[in-house]
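The structure appears below as structure tokens.
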Number of protein chains: 4
Amino acid sequence: MRNCILVGNLGQDPEVRYTPAGAAVTTISVATTEAWNDKDGNKQERTEWHRVVFFRRLAEIAGEYLKKGSQVYIEGQLRTNKWQDKSGNDRYTTEIIANELQMLGGRPGSGGSMGGGGNMPSAPKAKNPSNNNNNSNDNGPNYDDFDDEIPF
Amino acid sequence: MRNCILVGNLGQDPEVRYTPAGAAVTTISVATTEAWNDKDGNKQERTEWHRVVFFRRLAEIAGEYLKKGSQVYIEGQLRTNKWQDKSGNDRYTTEIIANELQMLGGRPGSGGSMGGGGNMPSAPKAKNPSNNNNNSNDNGPNYDDFDDEIPF
Amino acid sequence: MRNCILVGNLGQDPEVRYTPAGAAVTTISVATTEAWNDKDGNKQERTEWHRVVFFRRLAEIAGEYLKKGSQVYIEGQLRTNKWQDKSGNDRYTTEIIANELQMLGGRPGSGGSMGGGGNMPSAPKAKNPSNNNNNSNDNGPNYDDFDDEIPF
Amino acid sequence: MRNCILVGNLGQDPEVRYTPAGAAVTTISVATTEAWNDKDGNKQERTEWHRVVFFRRLAEIAGEYLKKGSQVYIEGQLRTNKWQDKSGNDRYTTEIIANELQMLGGRPGSGGSMGGGGNMPSAPKAKNPSNNNNNSNDNGPNYDDFDDEIPF
DNA sequence: TTTT
DNA sequence: TTTT
């Protein structure tokens, strides 16, 4: 279950680490802000910080293309890790394990704090918008050839 | 983007078909009901019907375990198919292409309208709630061994 | 942003408390279980526990109708609270502040561990599937009378 | 149930209409694009178009701040309207009735195709990120004063 | 710690 | 019809 969704901005550059086996693990901190009017009609606002973790290829992409301030859309699942502090007390950290990442906003680069700047891997030119079956009948769509057109 | 979520009940038994290549395609109709109080304080209710399509293995599971009345949780993506009716007019049908299915509710069967009856493949007894790293330090969780424990 | 969704079961009966002003605050613990096959083809499973908080009327409903084992659908937002333990160390607890609750599964009661048993306020039988405008034209739906039919 | 989420771009400027009672109804068309690699390793892409409807105040905001090309985050619910074409045939149109709108991307304007250009109503400066209870105990957060800080 |  |  892809149970959480975030739309927000990175508070810092991503942290990329690697497992002994060489797989990337990237952690980011994402702020989501919510505004509402309180009972006195005053504007209130609250910012929430979320720890988000990426693994493997998504970790590499996140490490390469995101930076402090980037606006992102993230889907993932909640996970609470249990660990122990120096005193041996149980501690818990809740994270979102990301399984989808979409970079938002227009071409931001052009002078970020990082070197390379840059944008998302440029989703390939979009062209075949047609899932038009264009079959002529009255029974609705068929799916005879879905193997060629569906991404799962 | 897994952009839609439904929690509802099947209006009929699933329809299972097969592509020439032998892949299953299952279609179900799911009712979601929403209740609210109108401005006069009267209870209002509205039922919405959704056409949901499954492919391949998920289609086989849906065809085997769901039946009329089943309560389901579905994640999927919207897709609008274009087709033509007998008169050659363009028609559109919007569906949810499911990528996740969870059967809800307790053991329903015990006398359904279908033969086999039955429930979901019995989610294996759930037992190891631990994603406890139990590493003792003050740096929060590590991920050295995530290959062994994470489902992607 | 209603950013998280849970479908799971309560690990214990709800805890209901009241603020000095008399508003209900209900906390539940919800288990979600995820199953997958690891690289050796063995079935793996993992259960995640989520702390969910309800306020006001939703808190009253949750306290009255949910119990240990109840299957629920919850929408809410993540919130991380900062507090301090006895030693004055900062501690963080992440919760889901619920803004929607739907009880899942058929009439469970009939022998639960609690006294009263009971189900959700019985979503009024769902019947009028029609948001059919039934206006005859070729321009698609109109909305002239939406005030009478839309729940916001 | 806020069951659908879209992140995409407007294909055209919004269409704003008004009910006889004076309430705004705004319709937009949103493209979402998905990319994947097919079985031959070729990049595939598919664009889906979604009809989104806003009512009342949200309709006014959408009409004022969105324009062709705007990137948006939308939450809403699916609704299928039934209507009849000139020949009296039943036709169906599926829409997303929006209940949340967030404009994405940085300062876009600076030369859009429309006159006014413009951005979102500038969410008020964000400042009080604290939902820190800072109560010193070992029982986790309390909620005594939630009336002052929670937006429902 | 971000952004609007 | 958009955008990447």
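Atoms considered below: every heavy atom in the structure, side chains included; atoms not considered: hydrogens, waters and symmetry mates. Numbers restart at 1 for each chain; the letters A, B, ... are given by sequence-line order, proteins then strands.
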Expressed as a whole number of angstroms, how long is the span from [X]:[atom1] to [N]:[atom2]?
| X | N | atom1 | atom2 | result |
| --- | --- | --- | --- | --- |
| D:Q71 | E:dT4 | CD | P | 13 Å |
| D:K67 | F:dT3 | NZ | P | 11 Å |
| D:Q102 | E:dT2 | CD | P | 18 Å |
| A:D13 | E:dT2 | CG | C1' | 11 Å |
| A:N9 | E:dT2 | CG | P | 10 Å |
| D:H50 | F:dT1 | NE2 | P | 17 Å |
| A:L66 | E:dT2 | CG | C1' | 13 Å |
| A:M103 | E:dT3 | CE | P | 12 Å |

Query - Polar side chain donor-acceptor pair, D:N3 to D:Q77, under 3.5 angstrom - result: no
Requested in this report: Would you check if there is a donor-acceptor pair between the side chains of D:H50 and D:S29 at a distance under 3.5 Å?
Outcome: no
Query raised in the report: So, does the side chain of A:T47 form a donor-acceptor pair with the base of E:dT1 at under 3.5 Å?
Result: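 Check fails, no donor-acceptor contact within cut-off.
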Query raised in the report: Does any donor-acceptor pair link the side chain of D:T33 with the base of F:dT4 at a separation under 3.5 Å?
Result: no
Report summary line: Picking from F:dT3, F:dT1, E:dT1, the nucleotide nearest the side-chain atoms of D:W49 would be F:dT1
Report task. Could you pull out all residues at least two apart from A:E60 that satisfy side chain to side chain contact (heavy atoms under 4.5 Å, CB included)? Result -> A:A24, A:R57
Query - Candidate pair D:Q102 and D:E75, rule side chain to side chain donor-acceptor pair (under 3.5 Å), full reasoning - result: CA-CA 9 Å; D:Q102 197 173 328; D:E75 285 177 28; over 6 Å; no
